[in-house]
Amino acid sequence: MPSLKDIKKRIGSVKNTQQITKAMKMVSAAKLRRAQDAVVAARPYADKMLDVLSNLALREESGVHPLLQERGKGKALVVLMTADRGLCGGFNTNISKKAERFVRENEEGFEDYDILIVGRKGNEYLKSRVGDKITKVHEHVTGNINFGLASLLGEEIIEPFVNETYDAVFLVYNSFQSAISQELTVSQLLPIVPKEIEGDGYSAEYIYEPSRGEVLEQILPKHINVQIFRALLESVASEHGARMTAMDSASKNASEMIGKLTLQYNRARQAAITKELMEIISGAESIK
Amino acid sequence: MSEKLKLEMVTPYKRVLSEEVEELSAPGSLGEVGVLPGHTPLLTTLNVGELTYKKDGETFHVAVNWGYVEVEDDTVTVLVETAEPADQIDLERAKEALGRAEDALKSLSPEDKDFKVMEAALERAVIRIQVAGKRH
């Protein structure tokens, strides 16, 4: 039976922890709101881009542009997006496992894979498992997502694809559903798959300046950047959502634990009082 | 004129504008493109430059970066990487950027990898200052 002092100490330390988890939850909630706004703001741009692109690409013959070319099943690049920090529940582990499974089970049937990781945690998890496949790691970049970062990643991805080091590129990330749910997503980034356009909504004859080919040429790489940018934003928003949920349940667990410990403390105190009383009474009895 | 154009301007960060305008003029890659209601469908890429539009007789100026314009059924969609309306431009910052770009260009030779980057930065800064000068 732990002494009164021990229990009191434990209650104190649990309370401290709870304060931290509560504060982290609040911070995440604020960050989540900002990240969520960014995701929502980025969607129209990305969607519109895909519309225009699909419209263009479907009119061109396939294979006209290197980024649209379907090639063999040689080597593929997996771009994994994780967080730099932990304490966000299963967020990092789930997505890293997804990437590991994707590479090991090889459902897409590629001969070999390389992995490019964004975020420290993904690297920590995969280093010991499929470390030989990791080609590059970007750490401490998710704190401030901007379009420049996406363009930088885009360049890194497009170049080896164009010079045929890789035959396909996949993005593995958490897509943001709501504050409490994220969806593990694997999407093909390259070669670009144009969206089928329903009906003849785009049948009108367009004037293209400078020319259709050149417009396509300019838009394709941008499209990649936009997709990466969007995935990054989604991943960050998911991270904050996951951390908020994790910290919320941690705070709840702490409350529960404090309750239990307090009960235990009171019982122990009561027992001590009873014992003392009994000692006094029996002492008094014996004097009579 | 009763007919109007619906102008939507979107960047990766946010929807900048969504307004009814009478006319629009954009810095197309083959030269200035003017759009009035009833324009034939058009898709053009944009250069760094100044986009102007007229709303209720008043002219507005926006500094834009790379992007493109799509015109269809009197709807004009402008997708650009950055768009700064004249009254939102930080003139001090633009001037600083201009100074930085000029200094960098002096020390670089045209073959340098960064030369083009700095040249583009210079162009952007010049446009921003130019547009900022037109604020109301």
Side-chain angles (χ1 to χ4, degrees), chain A residues 34-35 37-57 59 144-152 154-155 200-234, chain B residues 6-19 24-36 38-49 51 64-84 97 113-114 116-118 120-121 124:
Chain A
R34 232 179 314 143
D37 289 346
V39 170
V40 173
R43 275 182 187 157
Y45 189 86
D47 290 344
K48 194 69 206 167
M49 196 88 164
L50 189 60
D51 278 354
V52 172
L53 180 92
S54 306
N55 176 27
L56 277 168
R59 282 156 192 249
N144 178 25
I145 303 289
N146 55 38
F147 202 70
L149 171 68
S151 307
L152 209 80
E155 256 170 53
D200 52 4
Y202 271 106
S203 64
E205 263 313 305
Y206 269 78
I207 303 171
Y208 293 98
E209 280 183 26
S211 69
R212 195 163 64 196
E214 268 177 66
V215 173
L216 190 65
E217 188 123 322
Q218 286 199 29
I219 288 183
L220 285 173
K222 296 285 173 183
H223 171 73
I224 299 298
N225 296 348
V226 170
Q227 294 306 312
I228 296 169
F229 182 60
R230 185 180 174 168
L232 281 170
L233 287 176
E234 299 245 0
Chain B
K6 198 169 174 305
L7 171 66
E8 295 246 357
M9 194 181 289
V10 196
T11 71
Y13 299 103
K14 64 177 180 186
R15 190 184 295 266
V16 182
L17 283 174
S18 181
E19 295 196 81
L24 170 97
S25 170
S29 47
L30 292 184
E32 233 10 63
V33 183
V35 184
L36 286 168
H39 200 285
T40 182
L42 165 79
L43 186 70
T44 177
T45 50
L46 295 178
N47 283 341
V48 175
L51 184 146
V64 295
N65 204 340
W66 185 94
Y68 55 91
V69 172
E70 191 193 24
V71 185
E72 199 196 19
D73 291 341
D74 285 345
T75 305
V76 185
T77 315
V78 182
L79 280 115
V80 283
E81 277 180 15
T82 62
E84 295 167 288
K113 217 174 116 196
D114 287 339
K116 276 203 170 128
V117 179
M118 291 323 289
R124 280 200 301 274

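Numbers restart at 1 for each chain; the letters A, B, ... are given by sequence-line order, proteins then strands.
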Could you tell me if the side chain of [Y] sits less than 4.5 Å from the side chain of [X], heavy atoms only?
{"X": "A:Y45", "Y": "B:R15", "result": "no"}
{"X": "A:I207", "Y": "B:L43", "result": "no"}
{"X": "B:Y68", "Y": "A:V52", "result": "yes"}

Note to self: Check this for me, if you would: do B:E8 and A:K48 make a salt bridge, where the nitrogen-to-carboxylate-oxygen distance has to be below 4.0 angstrom?
What the structure shows: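 Judged by the 4.0 Å cut-off on N to carboxylate O distance, B:E8 and A:K48 do not form a salt bridge.
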Next item on the list: For B:T45 and A:P210, work out which heavy atoms get closest and say how close.
Entry: OG1-CD, 3.6 Å
Checklist line | Residue A:D37 versus chain B: region with a heavy atom under 4.5 Å | finding: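 Contact with chain B: none, neither part.
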Next item on the list: Measure distances from A:F229 to the heavy atoms of chain B and classify the residue's part below 4.5 Å as side chain, backbone, both or neither.
Entry: side chain
Margin query: I'd like to know if the side chain of B:Y13 reaches the main chain of A:F147, judged simply by a donor and an acceptor atom lying under 3.5 Å from each other, with no hydrogens or angles considered.
Written below: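 Checking the backbone N and O of A:F147 against the side chain of B:Y13, a donor-acceptor pair under 3.5 Å is found.
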Let me know if [X] has heavy atoms under 4.5 Å from chain A in its side chain, its backbone, both or neither.
{"X": "B:V16", "answer": "neither"}
{"X": "B:T11", "answer": "backbone"}
{"X": "B:V71", "answer": "backbone"}

